[in-house]
Amino acid sequence: MPLRLVFAGSPDAAVPSLRALAESAHDVAAVITREDSPQGRRAVLTPTPVAVEADRLGAPVIRANRLAGEATAAVQQLAPDLGVIVAYGGLVREPLLSTPRLGWINLHFSLLPRWRGAAPVQRAIMAGDDITGASVFQLVPELDAGDVFGRVTEPIGRHQTAGNLLDSLAESGATLLVRVVDALADGTARSEAQLGDVTLAPKLGLADGEVDWSLPAEAVSAQIRGVTPEPGAFTTIDDARLKILDATIARDVPRLPAGQFDMVGRRVVVGTATEPIELVTVHPAGRRAMDAASWWRGRPTP
């Protein structure tokens, strides 16, 4: 029997799940997303990607930065069978947590209990994990601690950024999510407690993007890829911040002192504790993004 759903989500990573549920046999009675926010240099008030998709689908939208007060009252009036949350950007607390008949389920982009928290994909890459995935679990008051209904796994490529890995997991996770909702609807869903060591994935700040060149090259590469595209990798040279958009390990280049920049042939490299890192694409302060060699050749001569 189809379920009456309330969906909560905000960023691009939640859009495939909303779309998949809307195309399923179930009824998305309302979509909760964060309020429009100023974006870009001109601070244009912009809806979340989930709000844009909900409008396209013709689903009613509840805009709220906290799942409380009016948002809770609106959900209570809808009397949903199930709440579904994917990267909404806020916590579900009582009385909203127990408002749907079947409670809430959460699609989380990690293999729980590893990487509970706001930045699981980024932290997995930065830690050098070889594999990650997505989990659908029963929401409980404790952070990301509920029983798991299903998982999908995915290897982490050595050149993969947090952005493209999250894009991939958003699609495979959406398929998993619909499968779990279908199982809850027909009574065949089974869950299991989370087993293993708990690791936490707190939200990244700007400081997490400052590259530590004293680390081995593998760790530097993992840091750069883990913070790409947000909050973004950067370093300081010529007393200015340089954003690093793309980089790779230069295994065929002689070692340099950690943090030392050099031009080797047509390649811009920076020393680490082991092999150098080659800068591929950079974004100098006040200029456009460009290939690293063009940036290097255009630098003022010290």
Verify whether one side chain among Gln39 and Ser37 offers a donor that lies under 3.5 Å from an acceptor in the other. yes

ILVMFWY network linking Ile249 to Val211, side-chain heavy atoms under 4.5 angstrom: yes

Student check: side-chain heavy atoms of Leu279 and Val268 closer than 4.5 Å: yes

Run Ile277 and Thr248 through side chain to side chain contact (heavy atoms under 4.5 Å, CB included) and show every step you take. CA-CA 6 Å; Ile277 292 288; Thr248 188; over 6 Å; no

Please tabulate, one pair per line, all N/O donor-acceptor pairs under 3.5 Å involving side-chain atoms of residues 137-144, not counting sequence neighbours.
unit_1: Gln138; atom_1: NE2; unit_2: Leu102; atom_2: O; d: 3.2
unit_1: Gln138; atom_1: NE2; unit_2: Trp104; atom_2: O; d: 3.1
unit_1: Asp144; atom_1: OD2; unit_2: Gly117; atom_2: N; d: 2.8

I need the minimum non-hydrogen distance between Phe7 and Ala14, along with the two atoms involved. CZ-O, 3.6 Å

If Ile, Leu, Val, Met, Phe, Trp and Tyr residues are connected whenever their side-chain heavy atoms lie under 4.5 Å apart, and connections chain through other members, are Leu176 and Val178 in the same group? yes

Should Val28 and Leu57 be counted in the same cluster of Ile, Leu, Val, Met, Phe, Trp and Tyr side chains packed under 4.5 Å apart? yes

Can you measure from CZ (Arg288) to OG (Ser294) and round to the nearest 0.5 angstrom? 7.0 Å

Can you run down the side-chain hydrogen bond (donor to acceptor under 3.5 Å, both in side chains) pairs that involve residues 55-64, sequence neighbours left out, and say none if there aren't any? Asp36-Arg63, Glu53-Arg56

Charged N-O contact under 4.0 Å between Asp130 and Arg158: yes

Is the Phe261 ring parallel, tilted or perpendicular to the Trp213 ring (thresholds 30°, 60°)? perpendicular

With a 4.5 Å limit on heavy-atom distance, are the side chains of Glu192 and Arg151 in contact? yes

Shortest non-hydrogen separation from Gln194 to Ala145 and the atoms involved: NE2-C, 3.3 Å

Counting C-beta onward and ignoring hydrogens, is there a side-chain heavy-atom pair between Ile105 and Leu82 closer than 4.5 Å? yes

What's the separation between atom CG in Leu215 and atom OG in Ser221, rounded to the nearest 0.5 Å? 11.5 Å

Side-chain heavy atoms under 4.5 angstrom apart, residues restricted to Ile, Leu, Val, Met, Phe, Trp, Tyr: same cluster for Leu177 and Leu166? yes

At their closest point, which heavy atom of Ser10 faces which heavy atom of Pro49, and how far apart are they? O-CD, 3.2 Å

Check: Phe109 and Leu165 side chains under 4.5 Å, non-hydrogen atoms: no

Any donor and acceptor pair, going by atom type alone, linking the side chain of His283 with main-chain N or O of Arg287 inside 3.5 Å? yes

Test item: Thr199 and Arg123 side chains (from C-beta on) under 4.5 Å apart, heavy atoms: no

Approximate separation, where rounding is to 0.5 Å, of Ser168 OG and Ile156 CD1: 11.0 Å

Linking I/L/V/M/F/W/Y whenever any side-chain heavy atoms sit under 4.5 Å apart, do Val269 and Phe234 land together? no

First locate atom CG of Asp147, then atom OG of Ser135, and finally report the distance between them rounded to the nearest 0.5 Å. 12.0 Å

Does any donor atom in the side chain of Glu154 or Thr132 lie under 3.5 Å from an acceptor atom in the other side chain? no

Indicate the atoms forming the closest heavy-atom contact of Trp295 with Pro284, along with that distance. CD1-CG, 3.4 Å

Before you tell me yes or no, could you show the steps for Glu230 and Lys203 under salt bridge (charged side-chain N to carboxylate O under 4.0 Å, His left out), namely the whole-Å CA-CA distance, both residues' side-chain angles and the distance that decides it to 0.1 Å? CA-CA 11 Å; Glu230 295 292 341; Lys203 184 178 179 179; over 6 Å; no

When you measure from the side chain of Gln122 to the backbone of Ala201, do you find a donor-acceptor pair of N or O atoms at a distance under 3.5 Å? no

Between Thr228 (side chain) and Ile224 (backbone), is there a donor-acceptor pair under 3.5 Å? yes

Steps toward side chain to side chain contact (heavy atoms under 4.5 Å, CB included) verdict (Val280, Asp291): CA-CA 6 Å; Val280 179; Asp291 68 88; over 6 Å; no

If a pair satisfies salt bridge (Lys or Arg N to Asp or Glu O under 4.0 Å) and one of its residues is in residues 243-260, list it, with sequence neighbours excluded. Glu218-Arg251, Arg251-Glu275, Asp252-Arg267

Ignoring hydrogens and angles, tell me if any N or O in the side chain of Thr33 forms a donor-acceptor pair with the backbone of Gly9 under 3.5 Å. yes

All pairs passing salt bridge (Lys or Arg N to Asp or Glu O under 4.0 Å) where residues 98-122 contributes a residue, at least two apart: Asp81-Arg101, Arg114-Asp129

Would a 4.5 Å heavy-atom cut-off, applied to side chains only, mark Leu21 and Leu18 as touching? no

Run the side-chain donor-acceptor check on residues 179-187: report pairs under 3.5 Å with partners two or more places apart or on a different chain.
unit_1: Asp182; atom_1: OD1; unit_2: His26; atom_2: NE2; d: 2.7
unit_1: Asp186; atom_1: OD1; unit_2: Thr188; atom_2: N; d: 3.0
unit_1: Asp186; atom_1: OD1; unit_2: Thr188; atom_2: OG1; d: 2.6

Got a donor-acceptor contact below 3.5 angstrom from the Thr153 side chain to the Gly133 backbone? no

Might you work through the side chain to side chain contact (heavy atoms under 4.5 Å, CB included) test for Ile32 and Val6, ending with a clear yes or no? CA-CA 7 Å; Ile32 310 171; Val6 168; 3.7 Å; yes

Donor-acceptor under 3.5 Å (Gln223 side chain, Val220 main chain): no

Does the side chain of Thr48 come within less than 4.5 Å of Pro11's, by heavy atoms? no

Give a yes or no answer on whether the side chain of Glu171 reaches the backbone of Pro16 with a donor-acceptor pair at less than 3.5 Å. no

Distance (rounded to the nearest 0.5 Å) between Ile62 CD1 and Thr72 OG1: 9.5 Å

Is there a donor-acceptor pair closer than 3.5 Å between any side-chain N or O of Ser17 and the backbone N or O of Val15? no

Can you check whether Ala74's main-chain N or O pairs, donor with acceptor, with Glu70's side chain at less than 3.5 Å? no

Asp167 CG to Asp12 CG distance, which is reported to the nearest 0.5 Å: 7.5 Å

For a quick test of reading the model, state the closest non-hydrogen atom pair linking Leu107 to Ala174 and the distance between them. CD2-N, 4.1 Å

Give the minimum heavy-atom separation between Ile244 and Ala247, together with the two atoms involved. CG2-CB, 4.0 Å

Between Pro155 and Gln160, is there a side-chain heavy-atom distance shorter than 4.5 Å? no

Where the side chain of Arg34 meets the backbone of Ala64, is there a donor-acceptor pair that is under 3.5 Å apart? no

The side-chain contact (heavy atoms from CB on, under 4.5 Å) partners of Ala25 (sequence neighbours excluded) come to none

Start with the C-alpha gap between Val136 and Asn106, add the side-chain angles, then the distance that decides, and say whether side chain to side chain contact (heavy atoms under 4.5 Å, CB included) holds. CA-CA 5 Å; Val136 175; Asn106 186 181; over 6 Å; no

